[in-house]
Amino acid sequence: MAFDIEMIKSLYSTLGERVTAARTLTGRPLTLTEKILYAHLSGGNATEIYARGTSYVDFNPDRVCMQDATAQMALLQFMQAGRPSVAVPTTVHCDHLIQAKTGAQADLETALESNKEVYAFLSSVSDKYGIGFWKPGAGIIHQVVIENYAFPGAMMIGTDSHTVNAGGLGMIAIGVGGADACDVMAGLPWELKFPKLIGVKLTGRLSGWASAKDVILKVAGILTVKGGTDSIVEYFGPGAESLSCTGKGTICNMGAEIGATTSIFSYDTKMSDYLKGTNRADVAAAADAVAQHLQGDSEVYANPEKYFDQVIEINLSELEPHINGPFTPDLAWPISKFAAAVEAHGWPAELEVGLIGSCTNSSYEDISRSASLAKQAIDKGLKTRSEFTITPGSEMVRYTVERDGLLNTFEKMGGVVLANACGPCIGQWARHTNDPLKKNSIITSFNRNFAKRNDGNPNTHSFVASPEIVTALAIAGDLRFNPLTDYLTSETGEKVKLDEPQGYELPPMGFDVKDAGYQAPAADGSQVEVAVSPTSDRLQLLHPFAAWEGTDLKGLKLLIKAKGKCTTDHISMAGKWLKYRGHLDNISNNMLIGALNAFNEETDKVKNQLSGEYGSVPGVQRAYKAAHIGSIVVGDENYGEGSSREHAAMEPRFLGVRAILVKSFARIHETNLKKQGMLALTFANKEDYNKIQEADHIDILGLTTFSPGVPLTMVFNHENGTRDEIQVNHTYNAGQIEWFKAGGALNIIRGQIKA
Ligand code: SF4
């Protein structure tokens with residue numbers, strides 16, 4: 001199930017028919033995004049026109065990819081489905097858990113030891129269920145996916161926000177939570193809000209110092225970190241066709257930083273060349289045969305204002321290199337204005353570290369262009385003034401650039417090659433610094449630069465740019481250096497200037513690799529044992545949640561009435577807890593510890609109604625669980641907003657909370673709660689929130705006739721003997737009510753598979 005040309009041909013064989021059906025239905029030409037979305041509707045051809053930005057629609061993705069941190073809980077859940085193998089081709093990539101400290105080899109060895117049990121679990125569970133497994137050191141998920149699995153016209157979901165990178169190869173690729181990945185692996189459709197469409201018309205051609213990264217840095221400046229919300233960004237125009245396939249990937253990758261659902265480019269000769277260059281001439285030939293369906297209709301691109309909700313135009317010939325930051329990726333500065341900004345804002349001008357690579361910028365083109373600058377530095381007698389690190393995106397890229405002498409060039413310049421992994425991009429960086437409190441500056445070719453992201457230090461000013469600009473600034477050691485205009489002084493005291501970078505989109509001698517780091521799954525996984533130690537504190541097998549007892553729920557306790565914002569981070573905090581994301585019991589000790597208790601305005605301090613004492617939220621809930629007493633959580637508006645973290649729904653379920661009653665839900669969290677067999681309810685009258693008292697005993701009535709569209713009743717029995725009876729709404733459809741009755745969606749799937 002790793003890579004299958006027959007599956008691709010099968011998708012393409014019905015693509016024309018589906019696109020024609022969608023065009024007939026809408027009665028107009030289609031964007032590429034619409035073609036792919038309509039072609040992946042669950043249940044076949046389009047029969048209704050979906051409202052952009054509001055309709056929730058079921059799709060059938062072609063692939064799933066997962067990184068090692070998020071894959072753990074997704075796969076533990078998938079094991080509950082009872083399937084012998086995954087329903088769609090799936091891969092796991094070990095990239096997030098390798099800490100950068102001294103260099104590739106030593107860091108990889110340390111990670112293999114410290115994450116031994118996680119890797120053993122992921123390897124064995126992949127082996128058993130037909131999942132392709134990319135070992136630690138094989139590369140960063142998105143670079144490996146674009147090199148091996150992405151193909152035009154497909155739909156993929158991945159448990160990482162930069163899954164969107166694959167839009168560079170013409171695919172709708174979207175980052176999701178582990179619960180969604182679990183559903184698709186188990187054979188269920190996947191729900192997405194039908195997106196709004198933003199068109200970006202690219203004209204002209206890049207030249208000199210400007211690169212694909214500068215396109216997205218500029219777009220981020222225009223749209224800001226929220227401007228792409230609920231939208232897919234489709235790039236088109238002659239400028240788009242001139243960009244390399246991996247350059248397109250860079251642009252799509254960082255589309256995550258404008259909040260876009262995903263970004264995409266139409267199929268063109270650059271994509272065909274990349275497919276051929278990465279040993280996939282058969283995919284290129286198959287795509288060539290249906291090329292007209294892998295592009296937006298020409299009428300759309302001729303009159304984009306008629307078909308997109310918003311249109312932006314950028315002339316690549318006039319595009320200046322950009323540097324974005326600090327602390328946010330949408331603070332965009334053309335390089336000609338950056339030095340003045342550094343001075344005006346008092347940002348530390350001395351550049352301490354330049355870091356190139358990551359999934360955003362680690363193609364052969366990126367590395368060869370940066371290496372051309374490193375070579376100039378050596379030839380012109382310049383010594384790098386900043387520390388400089390290189391993170392290759394995959395073993396295939398690393399092996400090839402080493403063969404071609406490029407890594408050697410960086411090392412001669414003083415660069416340190418890190419493991420093919422996320423490393424400093426995700427804070428896995430044991431940075432050498434004498435004074436962590438000192439304000440300091442770094443620049444990276446990564447995508448995110450929020451405070452503390454790279455090294456955990458709030459005083460680090462992190463800027464984002466192309467790898468070429470990062471390399472040039474690292475040579476200069478000064479943020480204010482503009483390589484387009486400024487001179488440097490060589491070791492011999494000469495004034496020298498860096499020439500424009502030069503590179504290759506694809507290696508002239510082709511890609512090569514000795515051991516890409518891939519492990520194919522067993523042909524028959526039925527005998528494979530999944531490796532989870534019963535004494536592990538990082539991994540724990542899940543057990544099915546109990547089915548509903550078939551009666552109304554009475555005598556529940558109020559666990560917490562949360563006040564104000566309660567995001568998935570308040571419900572299941574990140575940070576040190578991430579270590580336990582494969583161990584539901586241990587990570588449940590963070591349940592709601594960030595939520596504000598409405599009765600005392602404190603966090604993680606609630607009344608234990610059994611003892612009358614105050615304790616931590618998880619501690620009190622564990623006391624109720626031990627006494628076999630259920631509870632409810634009450635919340636405010638937009639409860640559960642933030643990242644789609646399935647732990648935020650699993651933890652209350654695991655600890656025995658029966659219902660979450662709020663003024664309003666963030667939709668994804670509401671769905672996650674339903675999937676886990678919880679009751680997700682909203683006040684019919686929001687003022688009723690004020691009626692709830694700290695020591696209430698609660699009944700939920702109407703469950704024996706639980707039906708779509710019919711409200712339930714809740715009774716709040718107060719300590720003073722009075723009671724309030726209120727109406728509560730829900731959005732369960734008939735299928736979701738079955739999830740509740742069975743104790744969770746996975747119990748239903750397991751039942752169906754057994755039958
Ligand atoms: S390199 Fe950075 S952005 Fe890319 S997958 Fe890793 S952590 Fe995420």
Side-chain angles (χ1 to χ4, degrees), residues 64-71 91-100 104 107-108 111 115 134 136-150 156-168 173-178 181 213 216-217 220 225 246 249-260 262-263 324-325 328-329 355-363 366-367 389-395 397-398 417-429 442-450 452-456 462-465 467 470 574 578 581 643:
V64 174
C65 62
M66 293 179 286
Q67 43 98 331
D68 47 2
T70 48
T91 49
V92 166
H93 304 260
C94 295
D95 55 359
H96 274 59
L97 305 177
I98 302 171
Q99 190 187 44
D107 295 345
L108 181 58
N115 302 311
W134 290 82
I140 305 170
I141 175 168
H142 312 304
Q143 182 67 26
V144 172
V145 165
I146 202 167
E147 284 170 4
N148 293 277
Y149 303 121
M156 174 174 72
I157 59 163
T159 59
D160 188 276
S161 32
H162 293 98
T163 301
V164 293
N165 186 71
I174 300 178
V176 299
K213 182 68 164 276
I216 186 61
L217 293 176
V225 288
T246 49
T250 296
I251 293 170
C252 294
N253 179 298
M254 223 184 131
E257 275 54 68
I258 53 168
T262 192
S263 307
N324 288 19
T328 183
L355 305 98
I356 66 166
S358 90
C359 64
T360 325
N361 276 111
S362 57
S363 64
D366 292 326
I367 294 187
T389 69
I390 306 99
T391 311
S394 71
E395 176 58 12
V397 165
R398 192 210 65 77
V417 180
L418 300 174
N420 312 321
C422 300
C425 182
I426 190 68
Q428 291 275 25
W429 187 20
I442 64 170
I443 188 165
T444 80
S445 71
F446 309 162
N447 41 37
R448 292 195 169 153
N449 58 350
F450 300 117
K452 301 201 272 186
R453 169 148 172 120
N454 302 117
D455 62 358
S462 176
F463 297 86
V464 183
V470 171
L578 292 182
R581 55 163 91 213
S643 68

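What you see is a predicted model; the values in this text were computed from it and never measured. Whatever order the structure lists ligands and atoms in, that order sets their numbers, starting from 1.
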_Nearest 0.5 Å, please: how far is NE2 in His93 from CG in Asp160?_
10.0 Å
*Any side-chain donor-acceptor pair under 3.5 Å between Gln67 and Asp95?*
no
_Minimum heavy-atom separation for His142 and Thr163, please, with both atom names._
CE1-N, 3.1 Å
*For Lys213 against Thr250, the heavy-atom pair lying closest together*: CD-CG2, 3.8 Å
*Total protein N/O/S atoms whose distance from atom 4 (Fe) of ligand 1 is less than 2.8 Å*: 1
_Heavy-atom donor-acceptor pair, Thr70 side chain to Thr159 backbone, under 3.5 Å_ = yes
*Spell out, as yes or no, whether a donor-acceptor pair under 3.5 Å connects the side chain of Ser363 to the backbone of Asp366.*
yes
*Looking at ligand 1, does His96 have a heavy atom less than 4.0 Å from it?*
yes
*asked:* Under 4.0 Å from a heavy atom of Arg453: which atoms of ligand 1 are those, numbered in the order shown and with their elements?
replied: 2 (Fe), 3 (S), 7 (S)
*side chain to side chain donor-acceptor pair (under 3.5 Å) partners of Ser358, counting only residues at least two apart*: Thr360
